[in-house]
**Q** 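Take a look at the following structure, please.
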There are 2 protein chains.
Amino acid sequence: MELKLSNIKLNNPSQQALLVKNLYLSCDPYMRGRMRDFHGSYIPPFVPSKVLEGFGVSKVIVSDNPNFKAGDLISGFTGWEEYSIITKTDQLRKIEPDDHIPLSFHLGLLGMPGFTAYAGFYEVCSPSSGEYVFVSAASGAVGQLVGQLAKLHGCYVVGSAGSKEKVELLKNKLGFDEAFNYKEELDLDAALKRYFPQGIDIYFDNVGGDMLDAALLNMKIHGRIAVCGMISQQSISDPKGIRNLSSLIYKRIRMQGFLQSDYLHLYPKFLEEVSAYYKQGKIVYFEDMNEGLESAPAAFVGLFTGKNVGKQVICVSHE
Amino acid sequence: MELKLSNIKLNNPSQQALLVKNLYLSCDPYMRGRMRDFHGSYIPPFVPSKVLEGFGVSKVIVSDNPNFKAGDLISGFTGWEEYSIITKTDQLRKIEPDDHIPLSFHLGLLGMPGFTAYAGFYEVCSPSSGEYVFVSAASGAVGQLVGQLAKLHGCYVVGSAGSKEKVELLKNKLGFDEAFNYKEELDLDAALKRYFPQGIDIYFDNVGGDMLDAALLNMKIHGRIAVCGMISQQSISDPKGIRNLSSLIYKRIRMQGFLQSDYLHLYPKFLEEVSAYYKQGKIVYFEDMNEGLESAPAAFVGLFTGKNVGKQVICVSHE
C-alpha cells in the first residue's frame, strides 16, 4: 500500500454519481482476500495502482442522483481517500443521524461486521436459550456482538482472544461468562475442555486453523459451527490442514459457511433491534480508532496480528 | 480377529431373549471405529475376546419374547457367529419375506447402508431436480443407492470409485451419468473440474481426505456436503488435514455430518419406497457375497482397500 497525492474536482459528478467526503473508513479482514488473485471468490480482487475500496461513512458534497442530496450521510463502498466519486450508488445506505450513536458505528456495530454477527448467530447457529456458545476472536468487530447477542439469548458464552487486555474486556465489559488468551494455552483442546466440560453447542468461528480443530473435538452432538472467517489462515499461502472433521459424523455436526450479503432482507430488522439494544444500554461496542488516512495501511496490517482492540476504524475527517 | 469354536445351548433363552440362527452378516466400515478406544463415538468400542457385533439377518429358533416366534426372520444387531442369543430386542426388525427381494438385501439396500443413502440424500443434501451431484465410493453399499436416488430425482450424477470394474458398473449398470477411477487421476481437482465444469451442487462424501479437499474447491455457491463416512482415513492414526475449508465461507457451503439413526422415523417410508423402486426395476443393487463365517475377517479388512464390489455381505447359512 502507498499513499498518493492527487487532485479531485469538487463539482459536477455525472451519470447519477456522488462526490463524497470520506469521514470514516473500515479496516476489514476480508479485504486481504482481495489482495490476491483468487478464482471463485465472491468479490473481485483489487486492481494494483487503483485506490483501495472498502466500507466507509461519507458525507455527500455534490449529487447527480435524485436519491441523495448534498449534506446526506451515507455508508457503503467508497475509496480509501479523502474524497471519492461514487458511481455504484444502489447499495449505499443513508444514515439517519442519531445523537446517541457515533457515526463510525455504521462501519462496525451497525455495519457489515455487526450484521455478520447478527445474521450468523440467528440464521446460521440456530441458537436456543441455555446452550453453550464459544466465540473465537471474541473481542473483534464481529465476535464482540456475537457474544452479547448470545448472552441476551440466554446462552452461556466463552470467548477466546489474543491478549490479557482483550480477555479483561470480554469478561468485564462485554459480559462474556468466561474468556481466555489462546496464546497462553499450550493445548487448545485442553483449554476448551476446561471451559466446556459438557461440550460446545455452538462454535462461532472467526479464526479457522488450530482453534477450529480443537473445537471439533469439543462439540456436543448436533452442534453447529458457523464458519465466519479464518483470519489465522488469511496470510498463509499453505493453509493448515484440519484433521478432526470425522467429528462431524460422530456428533452429527452442521458446519456452515456464510456471508452477511445473503441475508440483506434482514438488515432493517437488525438495524432497529441492535440500535435499540445499544441505546437501552443492553449492549456495548468497542472500536479501535486511528486518526488520519496515512495511518490506514499499518492499521489494516495490524488486523492480522491482532493489534487492534475492537473494531478497527480510520478517521479520515471528523466532519 | 480370530475364529473360535464353542457350543451354544439351543434352547430356553430367558428374559425376553431370542435364540437365533444367523444367515447373513454385514461388513460395514463403521465397525472399524469400534476397534479403537474412541471417546465420544456414538457407539461403544468392541470388547476384546468377545464376539463381534454387527448387523445381520437371522432366523428365530427359540423365543422368550412375545413379539417374536420361532421361524420369524429378523434383521438387526447380532453376533458374528452361527447362533446368537439376542437380549436387546427393541431395535430388531421383523422381515416380511418377499420372493422378489433377496433376504440379504435387508443388510444393504433395505438395511442400514440403504437407509443411510436415503436419509442422507433427502434429509441432508436438500436436493433439487437438475442439480449436479458427486458421490465418492460410489459403487459401495451407500453410494450406489445415493446415485440412483439422485438420478430418479432428476440430478446429474458423477461417481468415483477405485477400479475399472467399478467404474464400468457405475456407468453401465447403475445409471450414473459419468464415473471415474480416482486411482488413475494424478490431480483430483482437475478430474472434478473435467466432470463438473460448472461446479458441484451436492457432494455426498463417503471417503474424506484428498477427495474432500478437491471437492471443496469445486463446489458451487450454496453447495451442500453430506459427510457420511471417511473411509480413506479410517485406518490412519494421523489423519490427513483438510486445507480448503475457506471455500465454505466464499461459497456459503453447508457441510453436515449425519447418522441414519437420527432419522429412524422415516424408515417405514424408506422401506416402502425403495422396495417399490426395486420391484419396479427402477433401481438395482450389487452385493459382494462371501461364503462362510471363516471368510468374514478377510472380507471386512478388504473394505478398507476397496476389495469389495458393492455391498459386502457374509453368508453364514443359506437357511
Side-chain angles (χ1 to χ4, degrees), chain A residues 29-30 33 38-43 116 119-120 123-124 193 199 205-206 208-210 212-213 216-234 236-263, chain B residues 29-30 32-33 38-43 116 119-120 124 193 199 205-206 208-210 212-213 216-234 236-263:
Chain A
Y30 82 89
F38 174 42
H39 172 83
S41 184
Y42 55 97
I43 192 164
T116 298
E123 299 299 308
V124 178
K193 285 193 168 43
D205 183 17
N206 291 307
D210 289 338
L212 173 57
D213 237 352
L216 280 162
L217 294 177
N218 287 282
M219 298 302 291
K220 286 168 83 164
I221 285 173
H222 293 134
R224 288 131 272 149
I225 301 175
V227 188
C228 180
M230 298 202 163
I231 199 166
S232 73
Q233 308 298 301
Q234 271 282 21
I236 302 175
S237 56
D238 188 20
K240 184 109 187 173
I242 300 295
R243 297 145 59 100
N244 297 322
L245 286 174
S246 59
S247 294
L248 296 183
I249 307 173
Y250 301 122
K251 298 176 183 170
R252 298 88 108 184
I253 295 166
R254 171 161 58 79
M255 187 167 171
Q256 178 144 10
F258 73 100
L259 294 175
Q260 50 87 29
S261 50
D262 284 340
Y263 302 91
Chain B
Y30 82 89
R32 179 66 181 81
F38 174 43
H39 172 82
S41 185
Y42 56 96
I43 192 164
T116 298
V124 179
K193 285 193 169 42
D205 183 16
N206 291 308
D210 290 336
L212 173 57
D213 237 352
L216 280 162
L217 294 177
N218 287 280
M219 298 303 289
K220 286 168 84 165
I221 285 172
H222 294 133
R224 288 130 271 152
I225 300 176
V227 188
C228 179
M230 297 203 162
I231 198 165
S232 73
Q233 308 299 303
Q234 271 282 21
I236 301 176
S237 56
D238 189 18
K240 182 108 187 174
I242 300 296
R243 298 147 55 101
N244 297 320
L245 286 174
S246 58
S247 294
L248 295 183
I249 306 172
Y250 301 120
K251 299 176 183 171
R252 298 87 109 185
I253 295 167
R254 171 162 55 82
M255 188 166 169
Q256 178 145 11
F258 73 101
L259 294 175
Q260 52 86 31
S261 49
D262 284 338
Y263 301 92

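Every chain is numbered from 1 and lettered A, B, ... according to where its sequence line falls, protein lines coming before strand lines. Remember, predicted model here, so these are calculated numbers, not experimental data.
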**Q** Counting only heavy atoms closer than 4.5 Å, note whether A:Asn244 contacts chain B via side chain, backbone, both or neither.
**A** neither
**Q** Any chance you could measure A:His222, atom NE2, to B:Leu259, atom CG, to the nearest 0.5 Å?
**A** 7.5 Å
**Q** What distance do A:Tyr263 atom OH and B:Arg252 atom CZ have between them, rounded to the nearest 0.5 Å?
**A** 9.0 Å
**Q** According to salt bridge (charged side-chain N to carboxylate O under 4.0 Å, His left out), who are the partners of B:Arg254, at least two apart in sequence or on a separate chain?
**A** none
**Q** With sequence neighbours left out, write down each residue that passes side chain to side chain donor-acceptor pair (under 3.5 Å) with B:Asn218, or none if nothing qualifies.
**A** B:Asp189, B:Lys193
**Q** Answer with side chain, backbone, both or neither: which region of B:Ile253 has an atom nearer than 4.5 Å to a non-hydrogen atom of chain A?
**A** backbone
**Q** Would you give the length of the straight line joining atom CD1 of A:Ile225 to atom CG of B:Leu248, rounded to the nearest 0.5 angstrom?
**A** 10.0 Å
**Q** Give the member of B:Cys228, B:Gly241, B:Gly229, B:Gly208 that has the highest number of heavy-atom pairs under 4.5 Å with chain A.
**A** B:Gly241
**Q** Please flag which part of A:Leu217 lies under 4.5 Å from any non-hydrogen atom of chain B: side chain, backbone, both or neither.
**A** neither
**Q** So what's closer than 4.5 Å to chain B heavy atoms on A:Leu245: side chain, backbone, both or neither?
**A** both
